[in-house]
Amino acid sequence: MNVLFLHTNPYLYEIDNLIKDIVSNIKLKDVNVFEICYTDFKFYDITKILKLRRYIRNNKIDIVHTYNYIDAYYVMKACKYTKTKVVYSSYFYHDELRGFNRSMHKYVLSHVDSVIFQTNVQKDRMISNYKLNPKKHYKLFHAFSSKRLDNAKYNSLRDEFFIDDFRYLIGTLGDFTPEHNVMNVMEMVRKLRRTGRNFTCLVAGEELDEYEEFYNDCRYYYIVQGLDNYITYVGRRADTTNFISQLDVFVYHSDTEAVALPVIEAMLCGTNVVVNDNEMIKEITFNGKYASLYRTNDPLDFASKTRDILNDLDDNAMIANVVKEECREVFSIEKHILGLKEIYSNVLNNKES
């Protein structure tokens, strides 16, 4: 079986890391892997599509695995009239798409050989919304390599942002978008401040042009509520493992995300997690077994759950370490690879799940 991994979006470094971990851990006797990254291939030129088609035919590629709907669309064009199958891993709902991009996304979901969804919540919703064939699509959790997590380079956040040792360190990670509404964290910090806790909340995330309103709302709230002594904006972080692993508590709010990768990574790092109780979060935390769940859009409950962990950090640190060990089995790269092999085999043999 010859499988080509193709991913052209450098912004999604989590997927780049996943592909690298798959390639370095898969047994070559079972699957021959090929990789094309964004520096090698662009779709704006028809000659690039023809180049990909030649590459696929010359290397006798059985499956092209993509992680972006635009990639999947053009790969399907490149693979037309060949026996090569196309698998697409979906990480988003893409409700914001309009016009041709929306049509492209719908076409991919309906015509690709198989879609791998990140959660059952996402899978069920997408199948229902787009009237998809449920028998040819799968759910497979995103995975993390324990070796990659353990070997992450350490740089002290306290030194970087001049945070005193007596302050608790809490933080969140995620861009300012409607799917991940940081305002809920802001409101929680305001409630937590009233308890007299000495803490700093690091807010890591990027302001995106198309969602400027969400960032501005958070900045306005931050100023009006006088949270400058409790919240530090740190921008987008590429060192997510280093960032998350140093926190006393990782706090998070998800509204309409298909999967919350920072929450999974925090559990794998042995960091205490407080997150809201929507259906997707319940699925990835196994109904709160691996994280403390607060009532969605209830900042008082959010603050209360966070405070409870801070009040007994030693015991909660031991619990978080147990969570880390269990989650490293659930979200392991080895388990992910086994799932991929089964999906690939079904796709090639035209088997339905």
Side-chain angles (χ1 to χ4, degrees), residues 12 14-15 18 65-69 72 87-97 102 105-106 108-110 112 114-144 172-175 177-185 211 250-268 273-298 301-302 305 323 326-333 335-336 338-340 342-343 346 352-353:
L12 298 174
E14 300 96 338
I15 293 174
L18 174 64
H65 190 158
T66 67
Y67 292 79
N68 180 297
Y69 77 93
V87 173
Y88 162 53
S89 284
S90 174
Y91 279 74
F92 305 96
Y93 288 114
H94 289 304
D95 293 334
E96 79 285 357
L97 296 178
R102 184 172 182 82
H105 181 233
K106 184 176 180 180
V108 167
L109 293 174
S110 301
V112 77
S114 186
V115 181
I116 298 175
F117 295 106
Q118 302 308 304
T119 60
N120 282 318
V121 172
Q122 180 199 20
K123 178 185 174 185
D124 293 344
R125 175 178 155 182
M126 296 293 270
I127 287 174
S128 175
N129 287 355
Y130 291 92
K131 312 302 180 189
L132 305 177
N133 176 5
K135 294 184 178 181
K136 74 171 188 174
H137 301 315
Y138 302 84
K139 188 274 292 192
L140 182 64
F141 281 137
H142 184 94
F144 293 81
T172 192
L173 177 72
D175 295 334
T177 67
E179 293 83 8
H180 169 243
N181 195 341
V182 182
M183 181 62 78
N184 290 275
V185 175
Y211 299 124
F250 180 77
V251 295
Y252 198 85
H253 178 93
S254 178
D255 277 331
T256 58
E257 291 176 300
V259 64
L261 295 183
V263 172
I264 296 174
E265 188 166 358
M267 296 187 302
L268 294 170
V273 176
V274 181
V275 64
N276 61 310
D277 62 352
N278 72 25
E279 290 305 309
M280 178 274 293
I281 293 294
K282 286 181 178 179
E283 182 174 344
I284 66 174
T285 64
F286 289 75
N287 205 30
K289 178 182 179 182
Y290 298 132
S292 179
L293 303 185
Y294 69 89
R295 293 187 296 273
T296 298
N297 296 324
D298 185 340
D301 190 44
F302 194 175
K305 294 293 196 305
V323 168
E326 292 190 18
C327 284
R328 287 192 176 197
E329 292 292 328
V330 175
F331 300 99
S332 71
I333 193 68
K335 188 172 183 178
H336 186 85
L338 289 176
L340 286 181
E342 182 177 352
I343 292 170
N346 288 343
E352 296 181 336
S353 60

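Side chains are part of it too, since the values below use all heavy atoms of this structure and drop only hydrogens, waters and symmetry mates. For this chain, numbers begin at 1 and follow the sequence in order.
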Practice item. Look at the rings of Y290 and F286 and say which category their plane angle falls in: under 30° parallel, 30 to 60° tilted, over 60° perpendicular. Key: perpendicular
Across all chains, not counting sequence neighbours, the ring-ring contact (aromatic ring centres under 6.0 Å, His included) partners of Y69 are H94, H105
Residue set satisfying side-chain hydrogen bond (donor to acceptor under 3.5 Å, both in side chains) with N181, at least two apart, ordered chain then number -> none
Between the CG atom in N297 and the CE atom in M183, the distance rounded to the nearest 0.5 Å is 12.0 Å
Applying salt bridge (charged side-chain N to carboxylate O under 4.0 Å, His left out) to K282 and not counting sequence neighbours gives E279
Contacts of Y93 meeting ring-ring contact (aromatic ring centres under 6.0 Å, His included) (sequence neighbours excluded), chain-then-number -> none
Sequence neighbours excluded, the answer for side-chain hydrogen bond (donor to acceptor under 3.5 Å, both in side chains) partners of S90 is Q122
task: May I ask you to say whether D95 pairs ionically with R125, meaning some side-chain N is under 4.0 Å from a carboxylate O?
output: yes
Taking it one step at a time, do N276 and L293 satisfy side-chain contact (heavy atoms from CB on, under 4.5 Å)? CA-CA 5 Å; N276 61 310; L293 303 185; over 6 Å; no
For T172, the side-chain hydrogen bond (donor to acceptor under 3.5 Å, both in side chains) test, sequence neighbours excluded, returns none
If you define the side chain from C-beta out and look only at heavy atoms, does anything of V112 sit under 4.5 Å from V87?
no
Residue set satisfying salt bridge (charged side-chain N to carboxylate O under 4.0 Å, His left out) with R295, at least two apart, ordered chain then number -> D298, D301
Residue set satisfying ring-ring contact (aromatic ring centres under 6.0 Å, His included) with H142, at least two apart, ordered chain then number -> Y91, F144
Worksheet item: Hey, does L340 have a side-chain heavy atom less than 4.5 Å from the side chain of H65?
Response: yes
Quick check: do F92 and L12 have side-chain heavy atoms less than 4.5 Å from each other?
yes
Those residues at least two apart in sequence (or on a different chain) that pass salt bridge (charged side-chain N to carboxylate O under 4.0 Å, His left out) with K289 are E326
Checklist line | Enclosure of E96 CD (heavy-atom neighbours >12, cutoff 6.0 Å) | finding: yes
Enumerate donor-acceptor pairs with a distance under 3.5 Å from any side-chain N or O in residues 255-262 to protein atoms, sequence neighbours excluded.
residue : atom : partner : partner atom : Å
D255    : OD1  : H253    : NE2          : 2.7
E257    : OE1  : Y252    : OH           : 3.0
E257    : OE1  : S254    : OG           : 2.8
E257    : OE2  : Y252    : OH           : 2.9

- May I ask you to test the L140-H336 pair for a side-chain heavy-atom distance under 4.5 Å? yes
The side-chain contact (heavy atoms from CB on, under 4.5 Å) partners of K139 (sequence neighbours excluded) come to N120, K123, F141, E283
Donor-acceptor under 3.5 Å (T285 side chain, I281 main chain): yes
Sorted by chain and number, sequence neighbours left out, side-chain hydrogen bond (donor to acceptor under 3.5 Å, both in side chains) with N287 holds for none
